[in-house]
Structures are given as structure tokens and as C-alpha cells.
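All remarks here apply to the structure that follows.
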There are 2 protein chains.
Amino acid sequence: MNVTGHTRRSVSIRDVATAAGVSYQTVSRVINDHPSVKPSTRERVLAAIDELGFRRNSTALALASGRSRAVTVLTSNTTHYGYASVLQGIEEAARAASYTVGIGVLESADEADEAAVAAQVQRSADAGGGLIVIAYDPAGVRALGAVPADLPVVGVVETPASPPRDDRPWVWADDREAAYKATRHLLSLGHKTVHYVAIPSSTRRTSARTSGWQQALKEAGAPQPRPLQGSWGPAGGHAAGLKLAGNPDVTAILCGNDDLALGVIRALHETGRAIPGDVSVAGFDDAPHSAYLTPSLTTVRLDFTGLGRSAFALLHGVLEESAPIAPHPVSVPELVVRESSGPPPGRE
Amino acid sequence: MNVTGHTRRSVSIRDVATAAGVSYQTVSRVINDHPSVKPSTRERVLAAIDELGFRRNSTALALASGRSRAVTVLTSNTTHYGYASVLQGIEEAARAASYTVGIGVLESADEADEAAVAAQVQRSADAGGGLIVIAYDPAGVRALGAVPADLPVVGVVETPASPPRDDRPWVWADDREAAYKATRHLLSLGHKTVHYVAIPSSTRRTSARTSGWQQALKEAGAPQPRPLQGSWGPAGGHAAGLKLAGNPDVTAILCGNDDLALGVIRALHETGRAIPGDVSVAGFDDAPHSAYLTPSLTTVRLDFTGLGRSAFALLHGVLEESAPIAPHPVSVPELVVRESSGPPPGRE
DNA sequence: GAGCCTCATGTGACCGGTCACAATCCTGGC
DNA sequence: GCCAGGATTGTGACCGGTCACATGAGGCTC
């Protein structure tokens, strides 16, 4: 059509305006669907837009209007299943609302990320963008706390009790209920008690998963062993599994996530314990590969994607008064019983 | 003023200027480290900046200067290990260069993403931002093809032959070599041939992994079975595994990725084949859980994170003439031998 | 002390949109 | 024919930076 040459500068509304023989403001009205534009004029402007290939510059839009239609997700990890799923849910919902999503990874180790967080926060704050912080771990919690009070932010937290500020919205999955269900499942099979290998908690306090597990034990009058501290990955589970394998009384193990369970299972195998013959193992999250392990893993499914969508919806409501802020429906965690759990030895 | 009563508008360089008793341009010079500013003046301005809590507005910066220090990553999936790792590498490098990274997920199914791609592309193009497209699958390849010619973009591709445009930069991992190594490993154990369960190819042509596998077979004079078409996840591997399990001649299976291998192993288990006693299985990628499977998985490790870093470095070079465009060093894939591979039955 | 060059700083326009308000057109009612 | 008043359209300022150029202050040479 027109010379694609190297007219590097993009066409602006003033270019369109002169082409259509109107003022730039009229063009602005057309692209914003303002009611009071004469149909014939609108037609002419649209034709010019089409012909020149005009596309509204979102940077200028953000600067002038103060709204940026952007969300930044702050997270400490993008490769773990839970995190990635939440992110995916956010992206999905954001795309549907034609929002841009940016990610900022938090260096979990040091506290030097203070500056990094500030920079990330700053960037999204520039033009009225929103922020979603995945606060499942200390780094995330710290980041959430570091967000200035006047910034629109939604936290994805482990438990409603954990956010330091009660005036900002959050979403959560019912980890407590999930752990409760899984523990009850194991107890109902006849196990005297259930041991627990924990993921790192987001705070110093007892995590939601831990507390659900404890409650189930308590209600059943079962002994309450001390939870083992694991990590996020299978390596931590493996280490914890080796410790537990030394104790012949251990017949059921609940793990803070599926990767941990994988490591535990591996350790039990190495020490010659049969699953579920000698020891039952249950995981958490229902990662995609868990159904295909041998033995396939009993676990609790959490709707991370839905959680991400809720987080965005909430933020969307905060940013634009149009959509009323719907309360986040906490989806019910679903117990998925597979091969890795069964009755304890001698109770076939 | 505002409902919250706070000074919602952020401090601008003009605010700083009046506070420091200089002109806004002098402030601009200070924040840009321009040499010709009297030390005493600089001092005064910095003090004012500090006192008022000024932070440069990146939106305005982008609009005025045309540079945005932003990268958008287009990908069809964020939960699969390989994709997530590449993304992580990109983010890492981008953060180090203080770039913002945005993500856009491509709806892999329909071709209606034409518009979506255009929107994503548009957004990152607005202010001179760059684009990285992960083109490991048809959706990605299509997106890469849809990027306007004048836009700075780097493709993360399966093989150097696949990008439709030779004038744009790309990075790749040596999948061919990796498949070759894994196949040779299996052959060296004494297997007559190696079957292959493929991941979906990015193009209609033979994928790099497939071709590396074929080459190894050819060089060894081994029969070349037809590759089985899998999917990305364990389900596809399971289906393929069931098919292969029916054939007693199958003693070695190479899988397009570790998830596929997981499914294959599961299927073999279900049909009573021992691993590696009856059948050896090798995967691809070395996902974090592969070392902890039972049996642990022989696989080929690829440096996805490094690939992501390279992609960003390349793009960075294109966007800013400062850093010379270093050619992407193709890292050598590393064979990781674990328990799932061994000599064929009867050749202990 | 004039001439000139460099350093330091200020001024005005601009990036590409939006917003607030003014100006013009058009129509109906009296 | 005249005026009120809504529908259209245009003008100027502004968002918060950058860029190109002008201007004033010293320091050096002659």
C-alpha cells in the first residue's frame, strides 16, 4: 500500500486528522467511541485510520491518561508448578481484559532485593498499573510488605492471616482444608498417625498446610509427630524421606507438594520400603506428572489457575471502578486418591 | 484533592527543579549523569531528589526518548519445564540489564491468535521495546512469522533451519546433537535399534531431535523404525508406550522430553515390562524431577536458562548499539546416564 | 582589555495521546 | 425572524520526560 520504506515514526492521530480533514480531537473521539460524532465524520476518520494503518500508542495513552492496563506479577519462581499455574491464570484473565502482564522475579536468597522490589514496584506504579504479588514464600511476603500503601496490589497468599496489611485485597487457596482432607484420608485407611514433610513456610508461624494436618490428627486423637522441614524440590523430600525411612513406625507420610513426595518416594525405594505396602505417601497440588508416577501419587488438587484468574479479577476491580469487586470464591480442594496410599502393613 | 488525600501525582523533575532552585533541564542532566554539571549543583539536585522521593517516570521516558527498556516474550506455554526455564533465563538477563519483561501467551489451538499476536506485538513495538518469540511449536513459529519486519525480535527456535526469515537473529539449543548422543548411548549398550516417541514438531518437516536420532541409527546400520507421534505431556507418552509395549522387539525407547518418558515408563510398568531389564528408556531435557523417579531417568540435559540469557543478550545488542552482538554460543548438550537405561535382555 | 572557547545552565518545542472548555452548527419553539 | 440549547467540532494546555539550541559566566591567549 503506502511506502513501507522506513517511515520509522508511527502514524499519530494528527496524521489521521489531516488525512480525514478533521481535528485530532475528533480522531481521539472516534477511537474512544465517544457518542457525539456525526456518523459520516466517523466513517471518514475510520477510513483514514484504516488506510494509514494507525494504531494507538499505548505509551502515550498511559502517560496522558494515567491508566496503563498493565499488571506486574512479582514472584520468586516461575518454574515450580504452583507458581507457573497461578501465573498462567493471571495471564489468561489479563489477556481477556486486554491487559499487559509483566513479570518480576524476586531473588529469594538475600535481602538485597529491597532495591529490586522497589524498582519493579516503581515500574508498575509509573502509569497506574497494578501489582500482583505471589506471597507463598518469605521473599514474596517481604515483597508484599514492601509495596507502598497507595499502590493497587493484590496478594496471592498462603492463608488469610498472613498478609501484614489487612486493608489490601488478597486471594488464597484453602491449603488448610486440603491438608486436612489428605490427612483424614490417610487416617481413615487405618494408619495410627501421619508424618508430614513441610514446604518452607511463608512466615515464621505455622503454615496453613501444617495446621490442617495437625487439626486432623488432633481430631482423631492420633499422636502428633514433629513436621520435617523440606524444601521446594525433590531433593529436600529425598533427604527427609531418608530420615523417616529409619523409623519403622512411620507408615504414612504427607508431603507439602508433589515434588517433595517424589523425593520421599525415591528415598523409601532406596531403603527397601514398599509403597503403599509399607508406607503410604500423599502429595499436594496434583502436578501434571503425578498421575503417571509409579506408584501414581495420591494428592490434593488445588485450582491454581483459577486462583490466578481471581487475583486478576480482584485487581481489575480495584483499578477500574466499572467491574464491582467480586469476592474471591475459595475453590474446594479435591482429594485425588491414587496408588501411593493404602492401608498400613498387616491390615490388608 | 484526591479522595485518599494523598498527593497522588508523583513528583516530576520540575518539582525537583524548583526545590533545588535550578531548571528542569539541569535535573534531567543530573539523573542522566551528564558530565557538564557543576558538582555543587549536582549535589543540591541530588539532595532535592532524595528529599522529595523523586523517581523517574519510565512511561514518560519511553514516550520522549523512544526507548523503553522492555522485552516481551511470546510463548505458548509457561508451565512446561523447557519453556519456563527459557523464560527464567530471559528474565534473569533482563533484570541484570534493568529491562522490564512482559509475557504474552499464545493460544496454541486456533489461528484466531492472529489478532492477539498483532496486539502483543503492537504493544511492545509502541515504544521501541523488543520481542522474543519462543518458537518451539507451531503456534510460536506462526507468531514469529507474523512479526512485522521492522521490529526488533529474536527467535528461540528448534533448529537454525526453521526460522522463515534469515535476516532476523535467533538462538537455539543443539537438539540434534542431543538426540544423537542419547541414541548412541542406547546403541552402545547393545540394543539393536532405538524407538522414538516424538514431541510435536514446530514445523511439518522432520524435527531436529528426530533427525539426530535417525542419523545415529543410520551410522550404526540399525533399522530405522517409524517415530511415534506423542504430545508434550505424560499422557501422550503413556499412549505411545502402550503401543510399543505390544511389540516384544522393542528394547530401547528415546522420548522427546522427560514428561513423555514418564508416560512411557508408566505404560511399560502397567504391561509388566521391567525397566531397564526389558526395556531401556531415555528422556530429554533433564527436568528437575527426573533424577528422583524410580527408576531415575537417563536423559540429555539442555541449558535452557542459558538459552534464555543468550536470547536476551542478542536482543539487547540489537536494541542498543552499545553492546556488540555476540554470537550465541551453542552449549553442548550433556548426556546424563541414570537407572532407566541398561543393556538389552539376555546381554547382562 | 578584546576575542574566543569551553563549561554550565536555561528556554522552547516535541513525543502522542487526553482533558477541559470554547466555538460553531443545527433544529425547534415562540 | 430570533433565541435557547443540544449536537459536533476545534483549540490550548498538559502528562513527564528528552532533544536541539540559545545564553551567560569564566578562563585563556594575545
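Each chain gets a letter, A, B and so on, in the order the sequences are listed, and its residues count up from 1. These figures come from a predicted structure and were not determined experimentally.
Remark: P of D:dC15 and CG of B:L61 are 18 Å apart, rounded to the nearest angstrom. Rounding to whole angstrom units, CZ of residue A:R56 and C1' of C:dG16 are separated by 11 Å. Residue A:N57 contributes atom CG, which lies 10 Å from atom P of C:dT18 at whole-angstrom precision. Between the CG atom of B:L63 and the P atom of D:dC15 there is a distance of 14 Å, given to the nearest Å. Rounded to whole angstrom, the span from the OH atom of A:Y24 across to the C1' atom of D:dT8 amounts to 16 Å.
Considering only side-chain N and O atoms, A:S65 lies nowhere under 4.0 angstrom from the phosphate OP1 or OP2 of C:dT18. At C:dG16, none of the side-chain N or O atoms of A:S12 fall inside 4.0 Å of OP1 or OP2 (strictly under the cut-off). OP1 or OP2 of D:dT18 has at least one side-chain nitrogen or oxygen of B:S28 nearer than 4.0 Å. Distances shorter than 4.0 Å separate none of the side-chain N or O atoms of B:T59 from OP1 or OP2 on D:dC15.
The backbone N or O of B:L144 lies less than 3.5 Å from a partner atom in the side chain of B:R168, making a donor-acceptor pair. Remark: side-chain polar atoms of B:H80 are not paired, donor with acceptor, to backbone N or O of B:G82 under 3.5 angstrom.
Between A:D137 and A:Y83, some side-chain heavy-atom pair lies under the 4.5 Å cut-off. Considering only heavy atoms from C-beta on, A:N77 stays 4.5 Å or farther from A:V105 through its side chain.
The pair B:E91-B:R309 does not meet the salt-bridge criterion, since no charged nitrogen lies less than 4.0 angstrom from a carboxylate oxygen.
Checked against B:V22 for a side chain to side chain contact (heavy atoms under 4.5 Å, CB included), the options B:V27, B:V16, B:V37 give a single hit: B:V27. Shown are B:V71, B:I132, B:V318; of these, the side chain to side chain contact (heavy atoms under 4.5 Å, CB included) with B:P152 is made only by B:V318.
Projected onto DNA chain D by closest heavy-atom contact, A:V22 and B:I13 fall at different nucleotides, the more 5' of which corresponds to A:V22. Toward the 5′ end of DNA chain D lies the nearest nucleotide of A:G21, the other residue of the pair B:R14 and A:G21 mapping further downstream. Position along DNA chain C of the nearest nucleotide to A:I31 versus B:A64 favours B:A64 as the more 5'-ward residue.
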Are any protein N/O atoms closer than 3.5 Å to N/O atoms in nucleotides 20-22 of chain D? If there are, list each pair with its distance.
| residue | atom | partner | partner atom | Å |
| --- | --- | --- | --- | --- |
| D:dA20 | N6 | B:Q25 | NE2 | 3.1 |

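Between the side chains of A:D15 and A:Y24, no donor-acceptor pair of N or O atoms lies under 3.5 Å.
For DNA chain C, the residues of residues 32-46 of chain A within the heavy-atom distance limit of 4.0 Å (strictly under) are A:N32, sorted by number.
Remark: B:F312 pairs with B:Y99, B:H316 by the ring pair (Phe, Tyr, Trp, His ring centres under 6.0 Å) rule, at least two apart or across chains.
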